[in-house]
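Report on one structure; see the data block that follows.
On a predicted model such as this, the values are computed, not experimentally measured, just so you know. Hydrogens, waters and symmetry mates play no part in the numbers below; they use all other heavy atoms, side chains included. Proteins get letters first, then strands, A, B, ... in listed order; numbering begins at 1 in each.
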Amino acid sequence: MKVDKIFDSFIENNLFKNKNILQANYTPEDIPHRDAQIEQVANVLAPVLRGERTSNLFIYGKTGTGKTLSVQYVRNKLFGRLEKMDNGVNLKIEYINCKLKKVADTEYRILAELISKLGGSVPATGLPTDQVYSRFIDLIEQEKQLIIIILDEIDQAMQKIPDSFLYNLTRLNSELVNSQIGIIGISNDLTFLDSIDPRVRSSLGEEEIVFPPYNAIQLQEILKKRSEDAFLKGVLQDGVIAKCSALAAREHGDARRALDLLRIAGELAERRGQKKIKIEHIDEANEKIEKDKIIDIVETEPKQFKLVLLAIINLTERRKLEKIFTGDVYDYYNGLCKKAKIEILTQRRVSDIIAEFDMLGLINARVVSKGRYGRTRQIKLAIPSRLLEKVKGILTEALVL
DNA sequence: CGAGATTCATGTGAAGTATACCTTTAGGCTTAA
DNA sequence: AAGCCTAAAGGTATACTTCACATGAATCTCGTA
């Protein structure tokens, strides 16, 4: 039986001791090279142990530099300590990732998400925002408690969220009687605080911590440590870890990426029934990660976005090396819409959609002035050519429906 | 020949609109006493 | 009379449109050397 064979080889060829250790959300017992930052975080959060409000904290650092991890770590420690002390401090720490589309990328949705995490519920739409605020306050005020809100990747959502949101949040404390809240903002963009209202800045940035990227050597150490517990002995070929860290170091020292690489390489080797993880597997894993990421983005994009993307792809193929501008894309997009009998969006909107693709990294677009011939975006596709067919498949399939 | 003025094609901000959805309220109907 | 359902009224968020103005370098214009 084929299925049995698959199962058999799965059990026999297990390379992993504990795969979770390589998963992104795993919080290890110690975190190398982040001692200073963790200390700082702990310093800021320590007052909760006496039931006092914490300063608001702002954390900067590129993806995969251990920001979330460190905060999570301190959080766990705090809870552990509180339990031991048993002094009646009621602490809640809620983590919200503002990047998640359709979940927490607007003021309303972040609040709604927060409320539902705290055990309340609000409808997805229809409520006036200030009423959502008051529901939120009611909910918190029900009992005496300290609440720490972690807003991860707020820079991603900040174009959609008015400055006033953070301001309101920081000011909420003055209206609260029973409870106090503290905010931890996490941002990938180092210039983020510069771009917001000075009043918000001063209240939000009471404390600031910067997480520098890991270098290749540090990455290696991290990987080594984790892989010892994650894999069985001797399944890693020499040089695999070095390769992983080198690849990830190239990507601004992204430890998460490095761990993903290792894990997926392991899965690939395992699935093939191989006994060792080799360097080729890393390369393959690298491709797979990139591929999955892009495919995932493309698949979850709304219909109109898909059309625009398809227009860009087709134009790129047709034009070869010629440059593509917004106007060209719009014309082509128009044709596609007519063919697919889908309503046509305005150029204004398409312009915004193109800008969003740029943000997502599916294309590179920059505004150029062509002098006498106007100003436009110069668009270049950023999807690797080996994925194009697959992406096109997804797009065209979606258009038929 | 060079400094300004012009120009184009679109970027970009603000305000308005359509849609989908929410709460509240008031009536109308049912039910049970 | 109490309880429940429904529809209407009043309101919002979101995605999109409409309107209007902003941009910035290639090109044009025209005075000057």
Listing time: all N or O pairs from protein to nucleotides 16-19 of chain C that are below 3.5 Å?
| from | atom 1 | to | atom 2 | distance (Å) |
| --- | --- | --- | --- | --- |
| C:dC16 | OP2 | A:Arg349 | NE | 3.0 |
| C:dC16 | OP2 | A:Arg349 | NH2 | 2.6 |
| C:dT17 | OP1 | A:Ile344 | O | 3.4 |
| C:dT17 | OP1 | A:Thr346 | N | 3.1 |
| C:dT17 | OP2 | A:Thr346 | N | 3.0 |
| C:dT17 | OP2 | A:Thr346 | OG1 | 2.6 |

Fill in the blank from the handout: note: A:Lys370, atom NZ; B:dT6, atom P; distance rounded to Å ~ 23 Å

Practice task
Identify the heavy atoms of A:Leu262 and A:Cys244 that sit nearest to each other, and give their distance.
Solution key: CD1-SG, 3.7 Å

Handout entry: 4.5 Å side-chain heavy-atom contact, A:Leu309 and A:Leu395
Key = yes

Fill in the blank from the handout: Here the distance between atom C1' of B:dG11 and atom CD of A:Glu356, to the nearest Å, is 16 Å

Fill in the blank from the handout: For A:Glu389, the side-chain hydrogen bond (donor to acceptor under 3.5 Å, both in side chains) test, sequence neighbours excluded, returns none

Handout entry: Modelled atom types, side-chain donor and acceptor of A:Thr63 and A:His252, under 3.5 Å
Key = yes

Completion exercise
Atom CZ of A:Phe357 and atom C1' of B:dG11 are separated, to the nearest Å, by 18 Å

Problem - Pairing residues for A:Tyr333 by the ring-ring contact (aromatic ring centres under 6.0 Å, His included) criterion, not counting sequence neighbours - result: A:Tyr330

Practice task
Kindly write out the residues that satisfy side-chain hydrogen bond (donor to acceptor under 3.5 Å, both in side chains) with A:Lys278, not counting sequence neighbours, or none if the list is empty.
Solution key: none

Fill in the blank from the handout: Ordered by number, residues from residues 372-381 of chain A within less than 4.0 Å of DNA chain B (heavy atoms) are A:Arg372, A:Tyr373, A:Gly374, A:Arg375, A:Thr376, A:Arg377

Handout entry: Counterpart residues, salt bridge (Lys or Arg N to Asp or Glu O under 4.0 Å), relative to A:Lys380 (two or more places apart)
Key = none

Problem - pair A:Ile209-A:Tyr60: side-chain heavy atoms closer than 4.5 Å - result: no

